[in-house]
S.K.: 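A single structure is presented below for examination.
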Amino acid sequence: MWSLWRRDASTADAAFTLVAGTQKASSVHQRVIWSCHWSPDGVLFATGSRDKRVALWSADKDMLHLDTRSSESPPYVDCGVGWGLASAALELEDSVTAVQFAPMAAAMPASQTSYRLAVGLETGHVVLTSWCRDNQWTVTHRVEDRSAQVYTLQ
């Protein structure tokens with residue numbers, strides 16, 4: 001489960017308001033979420049979990065996965081802004097301990113936008129992926145040799 005909160009600094013008590021989140025019954029993840037990251041353009045929110053899955057979430061209705069565009073179809077989450085799953089989850093061979101979007105390339109038409117995401121696994125391996133708006137995941141490279149330690153991916 002995850003939740004996204006917005007802080008309203010204009011109020012005296014700087015109150016927080018729930019913007020989006022998943023419930024246990026409707027969540028893509030079945031185990032603890034170990035990592036999350038925003039895409040550089042702020043359109044996607046990635047979560048990575050011990051259950052070996054990476055999920056992409058968005059409030060942009062055009063980005064939502066076809067099976068999740070209605071509120072009757074879990075794991076769609078509507079907390080006033082209309083957040084939902086942007087793609088079927090990426091299933092990997094080991095627990096996901098880190099997710100990080102790469103900086104965006106030159107501006108492209110929205111229909112051609114692709115995102116690059118590095119995924120760290122509990123084994124120490126790093127999986128480099130790309131995801132396009134047509135809801136397709138592509139594993140582009142795997143770093144399986146422990147000969148180097150990665151501190152940051154940018």
S.K.: With rounding to the nearest 0.5 Å, note down the distance linking OG in Ser130 to CD in Gln136.
M.R.: 10.0 Å
S.K.: How close do Val32 and Ser49 get, heavy atom to heavy atom, and via which atoms?
M.R.: O-OG, 2.9 Å
S.K.: Atom CG of Leu92 and atom OG1 of Thr129: how far apart are they, to the nearest 0.5 Å?
M.R.: 8.0 Å
S.K.: Let me know which of Val54, Asp51, Val127, Leu90 forms a side chain to side chain contact (heavy atoms under 4.5 Å, CB included) with Val96.
M.R.: Val54
S.K.: Output the distance between atom CD (Glu93) and atom CD (Glu144), rounded to the nearest 0.5 Å.
M.R.: 7.0 Å
S.K.: For the residue pair Ala88 and Trp137, what are the closest heavy atoms and their distance?
M.R.: O-NE1, 2.9 Å
S.K.: What I'd like to find out is whether the side chain of Arg50 reaches to under 4.5 Å of the side chain of Glu122, using heavy atoms alone.
M.R.: yes
S.K.: Which atom names give the shortest non-hydrogen contact between Pro103 and Pro40, and what distance separates them?
M.R.: CA-CG, 3.8 Å
S.K.: Quick one, Thr47 and Trp57 - any side-chain contact, counting heavy atoms below 4.5 Å?
M.R.: yes
S.K.: Can you name the nearest heavy-atom pair linking Val43 to Ser58, along with the distance?
M.R.: O-OG, 3.0 Å
S.K.: On a heavy-atom basis, which atom in Leu121 and which in Asp94 lie closest, and how many Å separate them?
M.R.: CD2-O, 3.7 Å
S.K.: Using 30° and 60° as the class limits, which term best fits the ring planes of Tyr115 and Phe101: parallel, tilted or perpendicular?
M.R.: perpendicular
S.K.: Between the main-chain N or O of Gln100 and the side-chain N or O of His37, is there a donor-acceptor pair closer than 3.5 Å?
M.R.: no
S.K.: To check you understand the geometry: which heavy-atom pair defines the closest contact between Gly48 and Val99, and what is its length?
M.R.: CA-CG1, 4.1 Å
S.K.: Does a donor on one side chain sit under 3.5 Å from an acceptor on the other, for Trp34 and Ser95?
M.R.: no
S.K.: Measuring from Thr140:OG1 to Leu117:CG, what's the distance to the nearest 0.5 Å?
M.R.: 10.0 Å
